[in-house]
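Beneath this line is the structure, given in structure tokens, with notes to follow.
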Number of protein chains: 2
Amino acid sequence: MVALRSDAARNRTALLDAARTARDERGYPPALADVAARAGVGVGTAYRHFPSHRALVEALALETLDPLVTAARAAADDPAADAFGDLVVGATRLLADDPALAEVVSDSDDSGPELRAVLDELLTAFGTLLARAQAAGDVRPDLTPVDVQHLVCGMQVAVRLGRTADDGAAARYASVLLHGLRP
Amino acid sequence: MVALRSDAARNRTALLDAARTARDERGYPPALADVAARAGVGVGTAYRHFPSHRALVEALALETLDPLVTAARAAADDPAADAFGDLVVGATRLLADDPALAEVVSDSDDSGPELRAVLDELLTAFGTLLARAQAAGDVRPDLTPVDVQHLVCGMQVAVRLGRTADDGAAARYASVLLHGLRP
DNA sequence: ACCTGAACACCGTTCAAGT
DNA sequence: ACCTGAACACCGTTCAAGT
């Protein structure tokens, strides 16, 4: 990562800001052309900084994922009694709140190297906590860290569906998942 | 539903056949223009029979849902010990196998009247079995039929993600869901 | 009553021309 | 080294003209 020319750095920030604002307003970053217009640059510039629409979404996803990675690492180092369950529920909510993030984590196979690295780190931290919970007899021993990722990506969909009508749904579904993980 | 002119009926069938074939080959019915071409008709004809791409997907969904409705009704009338669990697992697999169906069931709010009627029927049959399972103490009493729909729509995603790499994942996730439904 | 296909809107992406 | 915007491909959808 060489230093960017100052106008390029400014444009990149403007693009991210525009995309973030759009996502916070409409739930999903709009067409790159729209993002470019909001940022006051041409489409080509948008594509110079983010080689695809997905790359832009991933850049925003990284921002949102960062606190989760920190929390997961902290929990792996100094685990509370139900650190694993808390993390699972927290991740589920985070994805349910951000459809673009959820999409990018669910289709993690076609993600760029940065996102992949962050997801790997998350998986490692989750794995440590999972192993500890399994050793304590709190979680089924036949589940892998990847299973947990898949189950979270699934439950997040249920939570999103439930939330539109019913305020208690998210808590109910989280509880179903946590019970389901028990031996 | 008045009788169709014979050429119209033939075209409708040809469109459905083309869409079904395409879905079975590629997992999802392609652009209406492509379906029309395969069926040997113009785009306009495709839109005359199916007012939107979604309407075509829903027409295929109805076919796939039919056996499930039959099974659900049969189980509601003459319930075996774990009829509810079997139906939940069956529905999850059915959706996991057919992404177009899953999409249409998950976004059931924007579906046409026919599909909505079928989903209502399904929900009723599931509701009967759910109530029975709850009365027997086999399922958490705080869950509604709609909760079950949401949880199935979620788990189906997990199953789809799991299946690409791991043959046992589907069974493992089904078991997690069933355990999670217990009181 | 039904069919055809050109046409439009939209969006992701590319690229020749500029500074 | 970076930017611009016209241009292309693709897809959902509409509609004027045909039979």
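We use all heavy atoms of the structure for the numbers below, so side chains are in, but hydrogens, waters and symmetry mates are not. Treat the numbers as computed from the prediction; the structure is a model and nothing was measured.
The outermost nucleotides of DNA chain D lying under 4.0 Å from heavy atoms of chain B, listed 5' to 3', are dC11(D) to dC15(D).
Residue Asp167(B) places its CG atom among 12 or fewer non-hydrogen atoms of other residues, nucleotides or ligands, all under 6.0 Å distant.
Contact annotation: the side chain of Asp138(A) never approaches that of Phe84(A) to less than 4.5 Å [non-hydrogen atoms, C-beta and beyond]. Here the side chains of Val152(A) and Met155(A) are not in contact, with every heavy-atom distance at 4.5 Å or above.
Ring geometry, His53(B) versus Tyr28(B): the interplanar angle falls under 30°, so the pair is classed parallel (tilted spans 30 to 60°).
Distance CG/Asp109(A) to CZ/Arg116(A): 6.5 Å, rounded to 0.5 Å. In this structure, the separation between CG on Leu87(B) and CG on Leu130(B) is 11.0 Å, given to the nearest 0.5 Å. The CG atom of Leu62(A) sits 9.5 Å away from the CG atom of Leu101(A) when rounded to the nearest 0.5 Å.
Both Ser52(A) and Arg5(A) lie near DNA chain C, and the one whose nearest nucleotide falls closer to the 5' end is Ser52(A).
Of the residues in residues 31-44 of chain A, those placing a heavy atom less than 4.0 Å from an atom of DNA chain C are Ala31(A), Leu32(A), Val43(A), Gly44(A), in numerical order.
Taking both residues in full, the closest heavy atoms of His150(A) and Ala158(B) are given as O-CB, 3.3 Å, listed atom of the first, atom of the second, then distance. Residue Ser52(B) comes nearest to Tyr47(B) through the heavy atom pair CA-CE2, 4.2 Å, listed as atom of the first residue, atom of the second, then distance.
A side-chain donor-acceptor contact under 3.5 Å links Arg140(B) and Ser175(A).
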For DNA chain C, what string of dots and brackets results from 5' to 3' when Watson-Crick and G-U pairs need both distances under 3.5 Å, crossing pairs get [ ], and pairs with another strand get |? ||.|||||...|||||.||
